Amino acid sequence: MTDLSRRNILVGAAASAAALGAAVTAKAASFGNPDRPLEGRINASGPNAQSDPGPQNPNLANEFPSFQDPPATDVNGMPIFWSSFNNAHKRFQSGGWAREVTQDDFAISEDISGVNMRLSAGGVRELHWHQQAEWAVMVDGKCRITTIDEEGRPQVADVKQGDIWYFPPGLPHSLQGLGPSGAEFVLAFDNGRASEFNTLMLTDWIAHTPPDILAANFGVPAEAFKDIPLDNLWIYQGADPGPLAAAQNATKSSKGAPRHPFIFSMSDLPPTKQTKGGMVQIADSRNFKASATIAAALVTIRPGGLRELHWHPNADEWQYYIKGRARMTVFNTGPRAQTADFRAGDVGYVKKSFGHYVQNVGDTDLVFLEIFKSDHFAEVSLSEWLAHTPPKLVMEHLNLSADVLAQFPGDRPDIMPL
Ligand code: MN
Ligand code: MN
């Protein structure tokens, strides 16, 4: 069988007889795979080979059209790269709640773990620290952060929706929801094993230090500590913290302020790349100087738009979907290719240098974050690479004409213009 006849057969199986023709070839679900049988529905020929009469929960199943009906180009599977806060267990306390997606339940996410937290107005995530760096984006409301660096320079600041913060590993901090509606945010730790339920907390340490040591350490009588909480507070309902200026004044140090602020306004950032298909805003240590171990890209894709085929040579990508509906295919060695669907509150993960694209399959803007454990954002674009490789070489590889190759975008668009 020639390649061409095989191709025609595969296309024919996918299309109704009436639709056959040149136009069908262009829209073919697959050009066929000479090495393996296809894995999509296109491969099913038995009378019941496509049906699914067994027990199912349609509400859940229908959220995953690409798992129910994978593209014919998917092959061989790979470790799951879809997870979500939507089905993560919420831990409630008086001042709010938190839930997380860590490597414990999302094996692929080696470099980043994620936390989704809500603080009521006045709700406090208690003073604490941890071995990992903490990057966060505000998704709703307002929040007050407090911290101090290793040179003894404090920062107290208020953050609003679209702002981000970064606390370097080991620096202590607190978070408090502000009026009128409190705060909700998503944290990314630069270690997949990190957990919000396992941090070093002020109340725990004080309760587990002998009273005479507390007295000697703080230079006050041991009796002064008689009312300390004996269980940690984690998230508690606090009082309104008052005006920011007063808090900043009360925390002033003769050592001054940290060299670089630990907060940054990501949503106000001019687009790093913009096309008619959408835009990318990048915050990494080149503009958000404090963010030494996390780089982030906020991606907006218009309906029908495509985040181009690309990969990241420097780090795994952890994704947080904020708005809209996405479909992503990840390409791995093997070859392996798998497609998954994402909605608001979902999490995606792509290992370093694995190829991928993200498509807006909804009818509203798609907005998501790409987070990398790196001091800088880096990307290789497939079309830019091919446009800047000797044409003859590319033409030999893909059996393309010089005309077609000349139309490939040569200047990494990031989001293909519609
Ligand atoms: Mn923290
Ligand atoms: Mn990417």
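In listed order, ligands and their atoms are each counted from 1. Values below: every heavy atom of this structure, side chains too, minus hydrogens, waters and symmetry copies. Note that the coordinates shown come from a computational prediction; the quantities given were computed from them, not determined experimentally.
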_Which residue in the set W135, Y320, W165 passes ring-ring contact (aromatic ring centres under 6.0 Å, His included) when paired with F185?_
W165
*Return the set of protein N, O or S atoms whose distance to the Mn ion (ligand 1) is under 2.8 Å, each given as residue and atom.*
H128 NE2, H130 NE2, E134 OE1, H173 NE2
*Do the ring centers of F354 and F331 come within less than 6.0 Å of each other?*
no
*So, for F81 and Y349, is the gap between ring centers shorter than 6.0 Å?*
no
*asked:* Under a 3.5 Å distance rule, please check whether N62 uses its side chain to pair with a backbone N or O of P58 as donor and acceptor.
replied: yes
*For the pair E184 and N116, evaluate side chain to side chain donor-acceptor pair (under 3.5 Å) and give the outcome as yes or no after the intermediate values.*
CA-CA 7 Å; E184 186 174 340; N116 179 203; 3.0 Å; yes
*Tell me yes or no: between the side chains of T199 and R125, is some donor less than 3.5 Å from an acceptor?*
yes
_the Mn ion (ligand 2) contact by E317, N, O or S atom under 2.8 Å_ = yes
*Shortest-distance N/O/S atom, H310 versus the Mn ion (ligand 2)*: NE2
*Contact summary for M266 and L298, nearest pair of heavy atoms*: CE-N, 3.6 Å
